[in-house]
Asker: 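Pasting a structure here, questions to come.
Numbers here simply count residues along the sequence, with the first being 1.
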Amino acid sequence: MSGAHTVVSPRRRPGGRRRAAGSEVGWWQPPTRRRAAAQDPARADGPGRRRAAPGRAGALLGRLTRRGGGSQHRRPATPEERRAQRLRLVRRTALAGLAAVLLGPLLAFGLGWVFFSVPSPADAVTNQVALVSYADGSRLTRLVPEEGNRIAVSVQDVPQHVRNAVLAAEDRTFYSNPGFDLTGILRAVWNQVQGGSGGGSTITQQYVKNALVGDEYSLWRKYKEVVLAVKISQERTKDEILGDYLNAIYFGRGTYGIQSASQAYFGKPVQLLDASEGALLAGVIQSPSRWDPARNPERAAERWDFVLDGMVAQGWLDPQERADALFPATVEPRRGQAGVPADANGHVVTAVTAELDALGITSEDLAQEGLRITTTIDPERQQQAVDAAHAALEGQPEDLRSAMVAVDPQTGGILAYYGGDNGLGLDYARVQRLAGSTFKPFVVLAGLQQDPPIGLGETFDGEEVPGLRNAEGADCDRCDLKQAMTVSNNVVFNSLAKQVGPENVAAAARAAGITAPLDDPNEGIALGNKEISALELASAYATIAGGGVWHQPHLVSEVVTADGRVLFAAATEGERRFPERVARNVVESMLEVADQDGLTLPDGRPVAAKTGTVQSHFDGENNDAWMAGFTPSLSTSVWVGTDMNTPIRTAGGEPISGKTLPGEVWQEFMGEALEAAPVETFAPYRPIGEAASDAPPGVDPEATPTPTPTPEPVVEPTPEVPPSAEAPQDPRPAQPGDPATTQEPDRDGGGEGLLFGEDDPAPPPTTSQDCSITPCG
């Protein structure tokens, strides 16, 4: 035959019969492949016999052969066969994708239906309430708790026109929709894909969101909303859902539920609301902080119009009644915020909410986001601060007030905050009072950054001059800056401020962290004729303790929503305000003050400190007293005074100075707060300019020579501290008769404080001043 050939098997016996399987093949030897059969499948194995049907292995081999994986003699697939194979693959892929599209959501919905439970109105309020905790996670308070701020009411007790107003504002298809708005969901999905946010929500979805899910803009949140909205629609009637919603939704002014809102806005129960009043309440639901008429009457009126017009459009309000409607009057909102403790911790909570507001986290967020707010307050140190203040003021005149703030120099975190015992009253930690001699370290700071720098070893005349006296025991014929700081010599620091320029002193204080206005300063700024707060002073001293690195003082460490989103986390890095070596020289000038005033800490712990006393216009009386100091890990300031800026005396009739009551509070707190901490030392002292003398206070440093170090290179001022060339300077010490030396002396035993002269009248006190006690100027 042409084109054909015959292969004779070597194993075939004569007569066409094959030998028995395995007759000549050992069990260890695989049979040989029959090429003839592979090349000619139609060929029989022998005369009169059909070839046996192939088994599984044969079928698999055949498929591999057809796909090109078999014999190299197999015919390749034709284009039509390859096209058919591709079509089959496309059809299978499409069917699999369609099944995933159809079955995937059904499976996800079914799982959600099983695992997500329907919330109650109590759950809705609980999950909206903000929790404030200490640094260790223990609870400080609950902001806007449900107790006293939610009064449950049956939906039948809510007038129909009030219910209609809510539907007109929030969900006009409530009674006809399945519990979710498909168009709104698709819009939310599209916005999410594009990186945006938002999307429509029905009343049922809003209730679910506030009750359980949170307010994160994500597809996961929308998925949970839809599942629970459908589930709750199956388990409850529309009236029940609307009633739960009206009892749980936040209306502003610290109120949850329409009954409490009616009392807060109109001073009457919801049963007595008319359509106009109901429209106002319905209008504020979406954004209470924006549409409360007490905050924004114009926008509240616009929203009110929108609701009433919607009621008319739905046939729920007569057009004539709409035309006759007047914008309703509301009662004044309460000033206190629910959840603020009435004791000393109340000032902490109020300061926290003020800080949150500055961060852009509003009272509405606090009421609706279920925020978890972690503060920097150490609960143990907070209690130690309160106990120290109570112990020092126990048995003292009732008009005395005190404040204390403790700051971590490495982070700016406020570890203890005491603004008085009335947590709903005036916060004395933020009240600004005259600083007294606690401002003297800022004069040294400014001097060290002059060109050339004024080192701690610079000597000045320290004897009193007309119009400027020293406290008892603070005089010196000649003393260097460290000696003058130790005894708080007024004359020396007045002279130094005049030499470096008052504006430079103010700039140095601002660089350290003083935020109070220090406008139009004169030489009296060295003696503290500017007002500051205990918080500012603790923060500014913390910058010095931290080597010139300023950290924003803060109470809020972290803010997390109920659904786990981190809204805020406090920064850990600081901002360098002046060189570390400059800061260490300022520390050196303050190291012997606590010992001089009998306020040393246990275990010989090194501490840099300064007292301050502000003298009254009455001779021998003081109006304010301060003590502030720090270790490398803790900076604390204490103030004692009165509401009326009147003379302060102990129960025994003695004038209070910085080293007495404030010093006692500071020493008690610092000793306990650092009791378990290792004793820390400051970095080695490397003098800038002339080094401080080793002579004790009162001994002329020039009579006790001190080795003079190699002159240091000029230290360039930082941007916060303008160069001395920007202000006129007088390098000579202050002389009798100089016009700036008109302040009265301070009366601190250690020489702190001042009295204003003719050109620098005392600023008004925080509250009304009694001019029969302290002359008004």
Asker: Hey, does the side chain of H347 reach the backbone of Y417 with a donor-acceptor pair shorter than 3.5 angstrom?
Answerer: no

Asker: Could you check whether any side-chain N or O of T350 sits under 3.5 Å from a backbone N or O of G346, counting only pairs where one atom can act as donor and the other as acceptor?
Answerer: yes

Asker: Minimum heavy-atom separation for H554 and T411, please, with both atom names.
Answerer: CE1-O, 3.3 Å

Asker: Short question: side chain of S616, backbone of P647 - any donor-acceptor pair under 3.5 Å?
Answerer: no

Asker: Looking at D520, I'd like to know if its CG atom is crowded, meaning that more than 12 non-hydrogen atoms belonging to other residues, nucleotides or ligands lie closer than 6.0 Å.
Answerer: no

Asker: Examine the side chains of K482 and S693 and answer whether a donor and an acceptor come within less than 3.5 Å of each other.
Answerer: no

Asker: If only atom types and distance count, is the side chain of E355 paired as donor or acceptor with the main-chain N or O of V556 below 3.5 Å?
Answerer: yes

Asker: Is it the case that the side chains of Q382 and D378 hold a donor-acceptor pair, with the cut-off being a distance below 3.5 Å and no angle test?
Answerer: no

Asker: Measuring from I532:CD1 to L518:CG, what's the distance to the nearest 0.5 Å?
Answerer: 8.5 Å

Asker: Listing request: all salt bridge (charged side-chain N to carboxylate O under 4.0 Å, His left out) pairs with a residue in residues 623-641, at least two apart in sequence or in separate chains.
Answerer: R433-D624

Asker: Rounded to the nearest 0.5 Å, what separates atom CZ in R510 from atom OG1 in T515?
Answerer: 10.5 Å

Asker: Taking atom types as modelled, is there a side-chain donor on Y685 or R581 under 3.5 Å from an acceptor on the other?
Answerer: no

Asker: Kindly compute the distance separating CH2 (W666) from CH2 (W626), expressed to the nearest 0.5 Å.
Answerer: 15.5 Å

Asker: Judged by atom type as modelled, is there a donor-acceptor pair below 3.5 Å linking the side chain of Q450 to the main-chain atoms of A446?
Answerer: yes

Asker: May I ask you to check whether Q432 and E536 show a side-chain donor-acceptor distance below 3.5 Å?
Answerer: yes

Asker: For T642, give me all partners under side-chain hydrogen bond (donor to acceptor under 3.5 Å, both in side chains), at least two apart in sequence or on another chain.
Answerer: T646

Asker: Judged by modelled atom types alone, do T374 and E558 share a side-chain donor-acceptor pair under 3.5 Å?
Answerer: no

Asker: Between S437 and S488, which heavy-atom pair has the shortest distance, and what is it?
Answerer: OG-OG, 3.3 Å

Asker: Would a distance-only check, ignoring hydrogens and angles, find a side-chain to backbone donor-acceptor pair under 3.5 Å from D136 to S138?
Answerer: yes

Asker: Let me see the working for K440 and N490 under side chain to side chain donor-acceptor pair (under 3.5 Å), right down to the final yes or no.
Answerer: CA-CA 9 Å; K440 287 175 179 175; N490 291 335; 2.9 Å; yes

Asker: Please tabulate, for side-chain N and O atoms in residues 667-682, each donor-acceptor pair with protein atoms closer than 3.5 Å (sequence neighbours left out).
Answerer:
unit_1, atom_1, unit_2, atom_2, d
Q667, NE2, T600, O, 2.8
E680, OE1, S633, OG, 2.6

Asker: Taking only residues two or more places apart in sequence or in another chain, which ones pass salt bridge (Lys or Arg N to Asp or Glu O under 4.0 Å) with R584?
Answerer: E588

Asker: Locate the shortest heavy-atom distance separating S657 from P662; write the atom from each residue and the value.
Answerer: O-CD, 3.3 Å

Asker: Locate the shortest heavy-atom distance separating A538 from V405; write the atom from each residue and the value.
Answerer: CB-O, 3.6 Å

Asker: To the nearest 0.5 Å, what is the distance between CE (M627) and CD (E664)?
Answerer: 11.5 Å

Asker: Nearest 0.5 angstrom please: D477 CG to D461 CG, how far?
Answerer: 8.5 Å

Asker: For G462, is there any backbone N or O sitting under 3.5 Å from a side-chain donor or acceptor partner on N489?
Answerer: yes

Asker: To the closest 0.5 Å, what do you measure between CG (L527) and CG (L468)?
Answerer: 6.5 Å

Asker: Check whether any side-chain N or O of Y418 sits under 3.5 Å from a backbone N or O of Q383 as a donor-acceptor pair, and report yes or no.
Answerer: no

Asker: Looking at every heavy atom in both D519 and K530, which two are closest together, and how far apart are they?
Answerer: O-NZ, 2.6 Å

Asker: How would you list, by chain and number, every residue that makes a side-chain hydrogen bond (donor to acceptor under 3.5 Å, both in side chains) with N422, sequence neighbours excluded?
Answerer: none

Asker: Go through the side-chain N and O atoms of N345 and Y134 and say whether any donor and acceptor fall under 3.5 Å apart.
Answerer: yes

Asker: List for me each residue that meets salt bridge (Lys or Arg N to Asp or Glu O under 4.0 Å) alongside D480, sequence neighbours excluded, and say none if there are none.
Answerer: none

Asker: With heavy-atom distances below 4.5 Å as the criterion, would you say the side chains of T660 and T650 are in contact?
Answerer: no

Asker: Which heavy atom of T611 sits nearest a heavy atom of L599, and at what distance?
Answerer: CG2-CD1, 4.4 Å

Asker: Output yes when a side-chain donor or acceptor of D408 lies under 3.5 Å from a complementary backbone atom of L634, and no otherwise.
Answerer: no

Asker: Could you tell me if T486 and Q483 have a donor-acceptor pair between their side chains, going purely by distance under 3.5 Å?
Answerer: no

Asker: Answer with yes or no whether the side chains of R478 and T459 bring together a donor and an acceptor at under 3.5 Å.
Answerer: yes

Asker: Could you go step by step and tell me if D421 and H390 meet the side chain to side chain donor-acceptor pair (under 3.5 Å) rule?
Answerer: CA-CA 9 Å; D421 290 327; H390 287 175; 2.6 Å; yes

